[in-house]
Amino acid sequence: MKAFVISEYAHPSKIQLTHDAPEPAPREPDELLVEVYSAGLNFFDILQAQGKYQTQPPRPFVLGAEFAGTVVSAPSGSAYKRGDRVFGSAQGTFGERVVTKEAAVLPLPDNLTFDQGAGLFVTYPTSYEALVGRAELKAGEWLLVLAAAGGVGIAAVQIGKALGARVIACASPGKLDVVRKFGGADFVVDYTKEGWQKEVLKITDGRGVEVVYDPVGRIKDALKCTAWGGRALVVGFAGGEIEKLPLNLVLLKHVSIIGIFWGSYAVKNRKRMPVVWKELLELLGSGRLKPVIYDANYTLETLSQGLQDLESRKTWGKAIVRVREPAARSKL
């Protein structure tokens with residue numbers, strides 16, 4: 001089996017594709033074997049390959065955490081059967097087949113492709129729960145999305161619009177058209193410019209934004225254009241540094257700093273997960289949300305380049321690796 005195997009910790013650019021990796025096999029009664037068609041690329045894949053992520057499986061292991069594909073085998077009594085289209089999460093999705101817990105997969109909506117499904121399981125619930133469950137975003141409020149052209153960012157733009165918010169999307173100059181075209185943002189702002197916060201204040205008639213969505217670590221900058229009583233969501237630190245906040249501004253502007261780590265919900269708030277997915281799948285099935293896929297065609301052979309492009313912020317939307325062509329489904 002072809003797979004991106006981590007035998008020794010190294011940057012993905014130093015790792016070669018393995019062509020004879022061991023075939024995965026279910027060992028527990030709640031496990032499925034899935035044939036992977038597409039897999040999502042995440043920044044934490046780069047960290048995990050180097051042994052720098054908070055979750056490190058024992059070596060050797062196959063890299064990758066998100067996928068879409070078809071069920072090869074399912075246990076007796078399972079809700080799934082051979083040939084069902086699914087998407088989900090598991091360790092080892094950068095391989096031709098993967099074993100996953102039944103609880104970690106969901107049916108892929110008929111109107112979505114494998115490529116679109118491959119980037120759903122982490123990205124969309126993170127953004128949805130951040131805006132709905134944590135910040136309690138309301139229709140008519142101003143939402144500022146930083147790094148809006150990235151995977152979680154563009155999902156947040158789309159979700160904000162679906163909820164009736166007025167969305168200001170911040171991105172670098174070369175990606176502003178992406179968030180306007182695919183995200184549907186009401187306004188776009190180049191946040192690489194000095195004093196970009198003044199543009200946000202002008203757009204909001206001096207009021208500022210009620211909610212800030214930050215996956216990169218720039219809340220300190222955004223506080224300058226946050227409304228009194230605003231909510232700032234700490235989603236991640238893709239910028240590479242954990243920032244230190246000026247708490248005097250937090251105090252004076254009555255701002256709430258709110259964290260969101262969707263990965264912890266399986267342990268800390270499991271009952272919330274089906275609620276989030278029910279609402280998300282309704283939005284996805286209706287077409288009100290449409291996953292945005294980066295237009296480069298990565299394969300397992302070019303996966304290393306895809307992760308390097310993600311690391312250098314060349315990509316937008318969700319970067320995926322095409323493990324096999326959809327036409328291969330007819331063989332099942």
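Excluded from the calculations below are hydrogen atoms, water molecules and symmetry mates; all remaining heavy atoms, backbone and side chain alike, are included.
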When you measure from the side chain of [X] to the backbone of [Y], do you find a donor-acceptor pair of N or O atoms at a distance under 3.5 Å?
X	Y	answer
Ser127	Gly153	no
Arg288	Ala162	yes
Lys175	Thr315	yes
Glu102	Leu32	no
Arg85	Pro109	yes
Glu35	Val72	no
Glu66	Val122	yes

Nearest 0.5 Å, please: how far is [atom2] in [Y] from [atom1] in [X]?
X	Y	atom1	atom2	answer
Ile219	Leu146	CD1	CG	8.0 Å
Gln50	Gln56	CD	CD	9.5 Å
Ser38	Glu325	OG	CD	8.5 Å
Leu245	Leu223	CG	CG	6.5 Å
Arg322	Thr302	CZ	OG1	11.0 Å
Asn42	Leu63	CG	CG	9.5 Å

For [X], look at atom [atom1] and say whether over 12 heavy atoms of other residues, nucleotides or ligands are found less than 6.0 Å away.
X	atom1	answer
Lys161	NZ	yes
Arg180	CZ	yes
Lys253	NZ	yes
Asp190	CG	yes
Glu301	CD	yes
Asp110	CG	no

Side-chain heavy atoms under 4.5 angstrom apart, residues restricted to Ile, Leu, Val, Met, Phe, Trp, Tyr: same cluster for [X] and [Y]?
X	Y	result
Ile46	Val216	no
Leu284	Met273	yes
Val157	Trp196	no
Leu120	Tyr265	yes
Val211	Val276	yes

Does the distance from a Lys or Arg side-chain N to an Asp or Glu carboxylate O, for [X] and [Y], drop under 4.0 Å?
X	Y	answer
Glu210	Lys138	no
Arg218	Asp221	yes
Glu31	Lys101	yes
Glu136	Arg231	no

Report yes if the side chains of [X] and [Y] come closer than 4.5 Å at any heavy-atom pair, otherwise no.
X	Y	result
Pro246	Lys220	yes
Lys290	Phe182	no
Ile168	Thr204	yes
Val321	Phe4	no
Cys225	Glu199	no
Ile293	Thr113	no
Leu283	Tyr128	yes
Val86	Leu108	no

Q. Parallel, tilted or perpendicular for Trp316 and Tyr294, by the 30°/60° rule?
A. perpendicular
Q. Does the side chain to side chain contact (heavy atoms under 4.5 Å, CB included) test come out yes or no for His11 and Gln308, once each step is laid out?
A. CA-CA 9 Å; His11 189 274; Gln308 290 180 73; 4.1 Å; yes
Please find the pair of heavy atoms, one from [X] and one from [Y], that lie closest to each other, and give the distance.
X	Y	answer
Pro291	Leu112	CD-CD2, 3.9 Å
Ile258	Ala135	CD1-CA, 4.3 Å
Val167	Asp186	N-OD2, 2.8 Å
Met1	Arg97	SD-N, 3.5 Å
Leu131	Tyr213	CD2-CD1, 4.0 Å
Ile15	Ala49	CD1-CB, 4.3 Å

Q | Geometric cation-pi criterion, Arg59 with Tyr9: 6.0 Å, 45° | A |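 Ring-cation test returns yes.
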Q: Begin from the C-alpha positions of Asp214 and Glu243 and carry the test side chain to side chain contact (heavy atoms under 4.5 Å, CB included) through to its verdict.
A: CA-CA 12 Å; Asp214 177 27; Glu243 66 176 335; 3.8 Å; yes
Q. Do Val36 and Phe94 pass the side chain to side chain contact (heavy atoms under 4.5 Å, CB included) test, and can you show the C-alpha distance, the side-chain angles, and the key distance before you say yes or no?
A. CA-CA 8 Å; Val36 180; Phe94 296 157; over 6 Å; no
Q: Kindly determine whether Gln158 and Val292 satisfy side chain to side chain contact (heavy atoms under 4.5 Å, CB included), including the steps that lead there.
A: CA-CA 10 Å; Gln158 288 188 348; Val292 178; 3.5 Å; yes
Q.
Tell me which one of Leu201, Leu144, Val212 satisfies side-chain contact (heavy atoms from CB on, under 4.5 Å) with Thr226.
A.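 Only one of Leu201, Leu144, Val212 forms a side-chain contact (heavy atoms from CB on, under 4.5 Å) with Thr226, namely Val212.
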Q | Output field: ring centroids Trp277/Phe121 closer than 6.0 Å | A | yes
